[in-house]
*Asks:* 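Mind having a look at this structure? Questions to follow.
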Number of protein chains: 2
Amino acid sequence: MSVRMVILGLLSERPLYGYEIKQIIEEHMGDWTSIAFGSIYFALDKLAAEQFVEKVGVEQEGKRPSRSVYQITERGRAEFMRLLREGWRKFEREYFDVDICLFFLGVLPLDEVKGYLRARRATLQEVLNHIQAHRAEQLAHAEVPRLAGAIFDHSVTHTQAELNWTTDLLEKMETGIYP
Amino acid sequence: MSVRMVILGLLSERPLYGYEIKQIIEEHMGDWTSIAFGSIYFALDKLAAEQFVEKVGVEQEGKRPSRSVYQITERGRAEFMRLLREGWRKFEREYFDVDICLFFLGVLPLDEVKGYLRARRATLQEVLNHIQAHRAEQLAHAEVPRLAGAIFDHSVTHTQAELNWTTDLLEKMETGIYP
DNA sequence: CGTTATATATTCAATCTAGAATATATAACG
DNA sequence: CGTTATATATTCTAGATTGAATATATAACG
């Protein structure tokens, strides 16, 4: 549902075509979301069928592929607000593949797994550094909305949480508490 | 990929049929994973076509629907180990719908959003209490493998992280730092 | 100036997922 | 004992998602 939310949100500011939406997402939201081309065009089709958006025309620059521009409708604005309310209200549990790997610990040699955990720990530390550096850099530009800080903090918090958990698990494995 | 991993993992212990796999997942892994019927039967079909599992026969108790029992093959065991290695190695960034809602803050009245954040904070605290109680209860039974503790900790860590972030964001909104 | 790389714009096939629909068996209950 | 609820077992459809494939335009570079 977040695909629909992003598209309606961006279209609520001005009319856009598919490729442009992809570009905006990558440029302005790339740190905390990712949506494939297929998903965007699929969602635009569906939203148009539901009359939440409508095709306002087909532009073409020179001989480049023509582009279908969509604008949001009144119904679409209402739907966007509904989706936002739903998004704020719903709390989704998230699942981690690593938990499944851990559940089947014993299938792979223990030392091999410890190696993976050490690598994960290192990667997580790198990711954390990267996010924090990127955060500082982004927020130096005053143009970025203030809330961008909160969104960065979200990533930082969860990455730090994952790093803490990984470090703790590895320590318990190395001192023989686990498995 | 986690669907395949779970199925191959469970089949690596003994032959099972689809519904049984669903039951085991809900009973033993329900706290940290969830797989729908459709996904299980789809994956079994696919795994069979790839010769990672094979149908060993069709049981039937009385006049109940017959059940197709699958067992893992040697190729399947190798594939399972490959998937485990891949699972340990890959680090997947996760995205949160709430970040998108936050990006579009300003569309809904600010007080309404604050209300949602307070509700989220309360829900998160409840979820945290619930996990911790459940964790204590589960680990009291000595039969549960020791690593179950680590998996619970994973949920606890991330739920706590989410709670911390939410609390912080709300505080900044209430003291006027945000938006 | 010719060649290669990159950017523009969309479509498509392949895959995966959730959950309702189906159909029957047993348990529960007054 | 009849009715309702729940458990067993799978199938099926509708929907969603990804990433490659397609086709052209501009930039880069020696």
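Everything numeric in this text was worked out from a predicted model, so none of it was measured. Proteins come first, then strands; the chains are lettered A, B, ... in the order of their sequence lines, and each starts at number 1.
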*Asks:* Who passes side-chain hydrogen bond (donor to acceptor under 3.5 Å, both in side chains) against Tyr178(A), sequence neighbours left out?
*Replies:*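 Not a single residue meets the side-chain hydrogen bond (donor to acceptor under 3.5 Å, both in side chains) criterion with Tyr178(A).
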*Asks:* Could you state the interatomic distance from CZ (Arg135(A)) to CD1 (Ile151(A)), rounded to the nearest 0.5 Å?
*Replies:*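 With rounding to 0.5 Å, CZ (Arg135(A)) is 11.0 Å from CD1 (Ile151(A)).
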*Asks:* Whole-Å distance between dA9(C) C1' and Tyr70(A) OH?
*Replies:*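 Answer to the nearest Å: 12 Å.
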*Asks:* Scan residues 22-49 of chain A against DNA chain D and write down, sorted by residue number, each residue with any heavy atom closer than 4.0 Å; if none is found, say none.
*Replies:*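 Of all residues in residues 22-49 of chain A, the ones placing a heavy atom under 4.0 Å from DNA chain D are Ala36(A), Gly38(A), Ser39(A), Phe42(A), Lys46(A).
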*Asks:* Looking at dT10(D), I'd like to know if its phosphate oxygens (OP1 or OP2) sit under 4.0 Å from a side-chain N or O belonging to Tyr17(B).
*Replies:*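 For dT10(D), OP1/OP2 do not have a side-chain N/O of Tyr17(B) under 4.0 Å.
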*Asks:* State whether Arg89(B) and Glu86(B) are salt-bridged, where the test is any N-O pair (Lys NZ or Arg NE/NH1/NH2 against Asp/Glu carboxylate O) under 4.0 Å.
*Replies:*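 Not counted as a salt bridge, because no side-chain N and carboxylate O are separated by less than 4.0 Å.
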*Asks:* Keeping to residues at least two apart or across chains, list the salt bridge (Lys or Arg N to Asp or Glu O under 4.0 Å) pairs with something in residues 100-110 of chain B.
*Replies:*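 Every candidate salt bridge (Lys or Arg N to Asp or Glu O under 4.0 Å) pair involving residues 100-110 of chain B fails, so no pair, neighbours aside, qualifies.
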*Asks:* Within this structure, what is the OH-to-P distance between Tyr95(A) and dT17(C), rounded to whole angstrom?
*Replies:*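 One finds 14 Å between P of dT17(C) and OH of Tyr95(A), rounded.
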*Asks:* Please list, chain by chain and in numerical order, all residues satisfying side-chain hydrogen bond (donor to acceptor under 3.5 Å, both in side chains) with His134(B), sequence neighbours excluded.
*Replies:*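 In terms of side-chain hydrogen bond (donor to acceptor under 3.5 Å, both in side chains), with neighbours along the sequence ignored, His134(B) is linked to Asp31(B).
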*Asks:* State, to 0.1 Å, how close Leu44(B) and Gly18(B) come at their nearest heavy-atom pair, and which atoms those are.
*Replies:*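 Minimum heavy-atom contact is CD1-CA, 3.9 Å.
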*Asks:* Please give the angle, rounded to 10 degrees, between the axes at the start and the end of the helix from dC1(C)-dG30(D) to dG30(C)-dC1(D), where five pairs define each axis.
*Replies:*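 Rounded value for the end-axis angle: 30°.
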*Asks:* Can you check whether Tyr19(B) has a side-chain N or O nearer than 4.0 Å to OP1 or OP2 of dT10(D)?
*Replies:*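 Checking Tyr19(B) against dT10(D): no side-chain N or O falls below 4.0 Å of OP1 or OP2.
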*Asks:* Do you know which of Val6(A), Asp45(A), Ile35(A) makes side chain to side chain contact (heavy atoms under 4.5 Å, CB included) with Ile40(A)?
*Replies:*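 By the side chain to side chain contact (heavy atoms under 4.5 Å, CB included) criterion, Ile40(A) pairs with just one of Val6(A), Asp45(A), Ile35(A): Ile35(A).
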*Asks:* Who passes side-chain hydrogen bond (donor to acceptor under 3.5 Å, both in side chains) against Arg120(B), sequence neighbours left out?
*Replies:*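 side-chain hydrogen bond (donor to acceptor under 3.5 Å, both in side chains) list for Arg120(B), sorted by chain: empty.
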*Asks:* If I take atom CG in residue Leu16(B) and atom P in nucleotide dT10(D), what distance separates them, rounded to the nearest angstrom?
*Replies:*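 In whole Å, dT10(D) P lies 11 Å from Leu16(B) CG.
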